[in-house]
Enquirer: 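I am attaching a structure below and will ask some questions about it afterwards.
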Number of protein chains: 2
Amino acid sequence: MVQENRKKYILKALNEREFISVNEFVGQFSVSPMTIRRDLSELEDKGFLIRKYGGAVKSEAVGNMFSFNSRVEKNREQKEKICRTASGFVEDGDIIFVDCGSTLFRLSRYIIKKNRLKVITNSLPVVSELINYSNIKVTFIGGDIVSDRKAAYGSTAEKLIGEYHADKAFIGIDGISVNNGLSSYDEKEARITLRMAGNADKVFLLCDSSKIEKDSFYRFAPVSLIDVLITEQEVDSKIISNYKEKNITIITK
Amino acid sequence: MVQENRKKYILKALNEREFISVNEFVGQFSVSPMTIRRDLSELEDKGFLIRKYGGAVKSEAVGNMFSFNSRVEKNREQKEKICRTASGFVEDGDIIFVDCGSTLFRLSRYIIKKNRLKVITNSLPVVSELINYSNIKVTFIGGDIVSDRKAAYGSTAEKLIGEYHADKAFIGIDGISVNNGLSSYDEKEARITLRMAGNADKVFLLCDSSKIEKDSFYRFAPVSLIDVLITEQEVDSKIISNYKEKNITIITK
DNA sequence: GTTGAATCGATCATAAACGAACACAATCCG
DNA sequence: CGGATTGTGTTCGTTTATGATCGATTCAAC
């Protein structure tokens, strides 16, 4: 059986049962455990399931009021990839800011294995993803809740961020260009992002390649605000060197 | 049976009974007691149950953020009744504090029809109930998130409450008596409650009758802190007059 | 209280599962 | 044809789940 059919079969099996094991498919398809593990890993990246020791369970996507509507989300795979890359920069014991937004939200699932992590965020989806993991301390930036963003904003929120300092900040934007810096579609959001970046030692910008060298309408900071730009695919080498000049590293995997 | 199934089964069993024992699962799953103990320990960390000698009991924690909380909550009907009564005191245009806890959480659904309401709370379940109603502005008190209470606590949270003033505070406690005042099982929770009450013009205490004239271990305020006590059934007229002397009205419907 | 049985949790040992790296074959494409 | 890509299997060191041991703790009966 070919790879595609195998994956379809796996998903079908998962619809009928709560848990599927690696070994059952090893028998059924006559392939090695490694192959099944790879299949499951890819399906996990796409958000179809969650791997567990020995197999996998259904993706819990439903039921969490604070989670984004993932089925219809665009660029989902790219976001997953960016976040997976970004999670490599999170170390045990870190204190990190996590900005709000649909990209940053996906970072949560890649950091739940870290130890003694402290996460400071204004995003409700991030909180609800992390709340059940005792190895992670979550601090929520309070303020006025904006329902369509599912996050806290406003002067209180901004002021509160100033009371914390983090090792790393993971932020999102709507556009970035060497000449015009970081830009956002929403001013209140930009102010939160700016504060988080300002109170962290190292700043990681997570954005998909479509936003690079594009500007959104509210420009709020020079590119020097960030240290690392993480995106999902190779970028023009000319662009890379432009950012390099500003001491910004672009990372794609 | 694999680990994942085991845990799900354990939680299912806990939904049907008050107490589950380690030994019953040792028999059912053919694993060692140590394994079950480890399972229970992990489930406790995530806030799904509370371990006791020989097994575990249900967690008090509320939460509509989680997939399998359809368990039958204790005293649920009484809490509903108390909250329905309390909602009668909420008026259009009010600014109100809502404390955290399983009783106060139920207040949300009775106030969603009000107009121009502003709700200030440290409870995540309350936020998630109200977030989709545009007629209600929600302000979340940030701070350290405590997973089993699903709310924010700590010095930041306490300080933040001081920055707000509300028309009314709706609070909960674990015990109240004329002589010893309000008491709580948890000190950090008491401090939040105290701040909310202190920053509101009128204070409504929501508690079921089993807590009246009972003391919990941390006494944190005299009964004069509150203005109105809302409970679910008729209280002894002697008690009513004792509270009346302190200018507290007891309301039962 | 005292005592004894049951339970608990820290620790160690073991087997299974895991993933990174490398190797190999099949396929694609200039 | 030859290089690149893709899918798979193998190896091997690491991680995870589990069970066993054993002293400490808890509970209940006295």
Side-chain angles (χ1 to χ4, degrees), chain A residues 1-11 13-14 17-46 48-57 77 80-81 83-93 109-117 132-136 232-234 251-253, chain B residues 1-11 13-14 17-46 48-57:
Chain A
M1 180 170 320
V2 210
Q3 198 192 31
E4 273 315 300
N5 298 6
R6 213 171 46 223
K7 286 183 191 167
K8 275 185 188 140
Y9 190 95
I10 289 173
L11 286 176
L14 195 54
R17 270 168 297 142
E18 281 298 319
F19 179 89
I20 53 171
S21 76
V22 170
N23 287 327
E24 65 180 294
F25 296 116
V26 169
Q28 284 181 48
F29 301 135
S30 305
V31 292
S32 72
M34 191 66 229
T35 299
I36 302 296
R37 263 182 250 131
R38 277 189 273 241
D39 287 347
L40 294 182
S41 191
E42 282 166 43
L43 291 169
E44 179 178 44
D45 288 344
K46 292 180 184 168
F48 293 124
L49 50 78
I50 294 167
R51 295 188 63 191
K52 297 284 173 180
Y53 189 85
V57 296
E77 278 185 48
E80 295 283 356
K81 188 178 173 195
C83 288
R84 217 176 322 126
T85 305
S87 69
F89 293 95
V90 180
E91 294 165 284
D92 290 351
R109 50 186 293 191
Y110 295 108
I111 60 175
I112 55 178
K113 294 283 179 63
K114 309 284 177 182
N115 292 315
R116 307 183 317 285
L117 201 62
N132 283 324
Y133 297 92
S134 57
N135 49 322
I136 298 180
E232 87 288 359
Q233 64 176 23
E234 290 300 330
I251 290 174
T252 55
K253 71 173 173 61
Chain B
M1 168 148 359
V2 208
Q3 199 194 31
E4 278 311 308
N5 299 26
R6 215 171 45 221
K7 287 185 192 164
K8 285 208 175 99
Y9 189 96
I10 289 172
L11 286 172
L14 197 54
R17 272 167 294 143
E18 276 301 319
F19 179 87
I20 53 171
S21 75
V22 169
N23 286 327
E24 65 181 292
F25 296 117
V26 169
Q28 283 182 49
F29 301 137
S30 305
V31 293
S32 72
M34 192 65 229
T35 298
I36 301 297
R37 262 182 251 133
R38 276 189 272 241
D39 286 346
L40 295 182
S41 189
E42 281 167 42
L43 291 170
E44 181 177 43
D45 285 344
K46 293 184 180 172
F48 297 132
L49 49 77
I50 296 166
R51 295 188 64 192
K52 297 288 175 185
Y53 189 84
V57 296

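Order of the sequence lines fixes the chain letters, A, B, ..., with proteins taken first and strands second; residue numbering starts at 1 for each chain.
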Enquirer: Let me know the distance between CG of A:D39 and P of C:dA17, rounded to the nearest Å.
Expert: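 Distance check: A:D39 CG to C:dA17 P gives 17 Å.
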
Enquirer: D:dA20 P sits how many Å from B:I36 CD1, rounded?
Expert: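 In whole Å, D:dA20 P lies 13 Å from B:I36 CD1.
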
Enquirer: Has the side chain of A:R38 got a donor or acceptor that lies under 3.5 Å from a partner of the other kind on the base of D:dG9?
Expert: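 Present.
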
Enquirer: Between P on D:dT6 and CD on A:E4, what's the gap in Å once rounded to a whole number?
Expert: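 The answer, rounded to whole Å, is 14 Å.
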
Enquirer: Out of C:dC18, D:dG19, D:dG9, which nucleotide sits closest to the side chain of B:T35?
Expert: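 Per side-chain heavy atoms of B:T35, the pick is D:dG19.
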
Enquirer: For the residue pair A:Q28 and A:Y9, what are the closest heavy atoms and their distance?
Expert: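 Result for this residue pair: OE1-OH, 2.8 Å.
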
Enquirer: B:M34 or B:E42: which one's nearest nucleotide on DNA chain D is closer to the 5' end?
Expert: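 So the residue in question is B:E42.
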
Enquirer: Check every atom of D:dT8, D:dT18, C:dA6 against the side chain of B:R6 and return the nucleotide holding the closest atom.
Expert: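 So the side chain of B:R6 is nearest to D:dT18.
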
Enquirer: May I have the distance from B:I20 (atom CD1) to C:dT7 (atom P), rounded to whole angstrom?
Expert: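 B:I20 atom CD1 is separated from C:dT7 atom P by 14 Å.
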
Enquirer: So, is A:R51 near the phosphate of C:dG19, with a side-chain N or O under 4.0 Å from OP1 or OP2?
Expert: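 Yes.
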
Enquirer: If I take atom CZ in residue B:F25 and atom P in nucleotide C:dT7, what distance separates them, rounded to the nearest angstrom?
Expert: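 Spelled out: CZ on B:F25 to P on C:dT7 is 14 Å.
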
Enquirer: For the residue pair B:F25 and B:A13, what are the closest heavy atoms and their distance?
Expert: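 Closest approach of B:F25 to B:A13, heavy atoms only: CZ-CB, 3.9 Å.
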
Enquirer: How many angstroms lie between CG in B:L14 and CD1 in B:I50, if you round to the nearest 0.5 Å?
Expert: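 Nearest 0.5 Å value for the CG-CD1 distance: 9.5 Å.
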
Enquirer: Would you kindly give the CZ-to-C1' distance between A:F19 and C:dA17, to the nearest whole Å?
Expert: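 The distance from CZ of A:F19 to C1' of C:dA17 comes to 11 Å, rounded to the nearest Å.
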
Enquirer: OP1 or OP2 of C:dT7 less than 4.0 angstrom from a side-chain nitrogen or oxygen of B:N23, does that happen here?
Expert: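 Yes, such a contact exists.
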
Enquirer: A:I50 has an atom CD1; how far is it from atom P of C:dC18, in whole Å?
Expert: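 That distance rounds to 16 Å.
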
Enquirer: Atom CG of A:L40 and atom C1' of D:dT8: how far apart are they, to the nearest Å?
Expert: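 One finds 15 Å between C1' of D:dT8 and CG of A:L40, rounded.
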
Enquirer: Verify the contact: side-chain N or O of A:S32 to OP1 or OP2 of D:dG9, cut-off strictly under 4.0 Å; return yes or no.
Expert: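 Result: yes.
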
Enquirer: Can you tell me which residue among B:R51, B:K7, B:R37 is in a salt bridge (charged side-chain N to carboxylate O under 4.0 Å, His left out) with B:E42?
Expert: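 That would be B:K7; it is the only one of B:R51, B:K7, B:R37 passing the salt bridge (charged side-chain N to carboxylate O under 4.0 Å, His left out) with B:E42.
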
Enquirer: When you measure from the side-chain N and O atoms of B:R37 to the phosphate of C:dA6, is any distance below 4.0 Å, counting only OP1 and OP2?
Expert: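 For B:R37, the contact criterion (side-chain N or O under 4.0 Å from OP1 or OP2 of C:dA6) is not met.
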
Enquirer: Looking only at side-chain atoms of B:V22, point me to the closest of C:dC8, D:dA17, D:dG19.
Expert: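 Taking heavy atoms from C-beta onward, the closest nucleotide is C:dC8.
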
Enquirer: Taking all atoms of both residues into account, what is the closest heavy-atom pair of B:R6 and B:D39, and its distance?
Expert: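 Residues B:R6 and B:D39, closest heavy atoms: NE-OD2, 2.5 Å.
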
